[in-house]
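All residue numbers refer to positions in the sequence shown, counting from 1. Keep in mind that the numbers below use all heavy atoms, side chains included, and drop hydrogens, waters and symmetry copies.
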Amino acid sequence: QVQLVESGGGLVQVGGSLRLSCAASGSIFSILSMGWYRQVPGKQRESVAGISNNDNTNYADSVKGRFTISRDNAKNTVYLQMNSLKPEDTAVYYCNAKTGRYIAWGQGTQVTVSS
């Protein structure tokens with residue numbers, strides 16, 4: 001089993017920055033890729049960024065040029081650096097990890113961008 005714990009969310013001003021962290025534990029060897037999603041109440045959860053075990057990355061159009069996903073293999077941790085934050089970035093951000101058999105999810109961390 002893979003367990004994920006997000007941290008780093010909070011309240012920031014428009015144009016500010018936050019760095020989210022996702023620490024993985026358990027069956028780390030089984031992880032094929034990891035990513036960040038976000039969800040606003042009443043809306044579908046949407047993909048924000050992803051990173052594979054080959055360090056290939058992808059981003060939603062809405063965050064390209066502003067967000068960066070990265071990994072620290074020694075710490076089994078994936079990060080999401082968020083810059084130039086906008087009010088529309090306000091959401092609960094979730095980390096996930098894809099294995100060959102299932103997808104694991106973290107508990108989520110709230111990001112609020114004040115206007």
- Does a salt bridge link Lys64 with Asp61, judged by any charged N lying under 4.0 Å from a carboxylate O? yes
- Task: Taking atom CD of Glu88 as the centre, report whether more than 12 heavy atoms of other residues, nucleotides or ligands fall under 6.0 Å from it.
- Result: yes
- Parallel, tilted or perpendicular for Tyr93 and Phe67, by the 30°/60° rule? tilted
So which atom in [X] and which in [Y] form the shortest heavy-atom distance, rounded to 0.1 Å?
X	Y	result
Ala91	Arg38	CB-CB, 3.8 Å
Met34	Cys95	CE-SG, 3.7 Å
Asn76	Ile28	OD1-CG2, 3.5 Å
Thr77	Lys75	OG1-O, 2.9 Å
Ser84	Ser17	N-OG, 4.4 Å

Using atom types as modelled and distance alone, determine if a side-chain donor or acceptor of [X] lies under 3.5 Å from a backbone N or O of [Y].
X	Y	value
Gln81	Arg19	no
Tyr59	Gly65	no
Asn96	Gly35	yes
Ser27	Val2	no

- Between Tyr37 and Arg45, is there a cation-pi geometry (under 6.0 Å to ring centre, at most 45° from the normal)? no
- Separation between CD of Gln110 and CG of Leu11, rounded to the nearest 0.5 Å: 9.5 Å
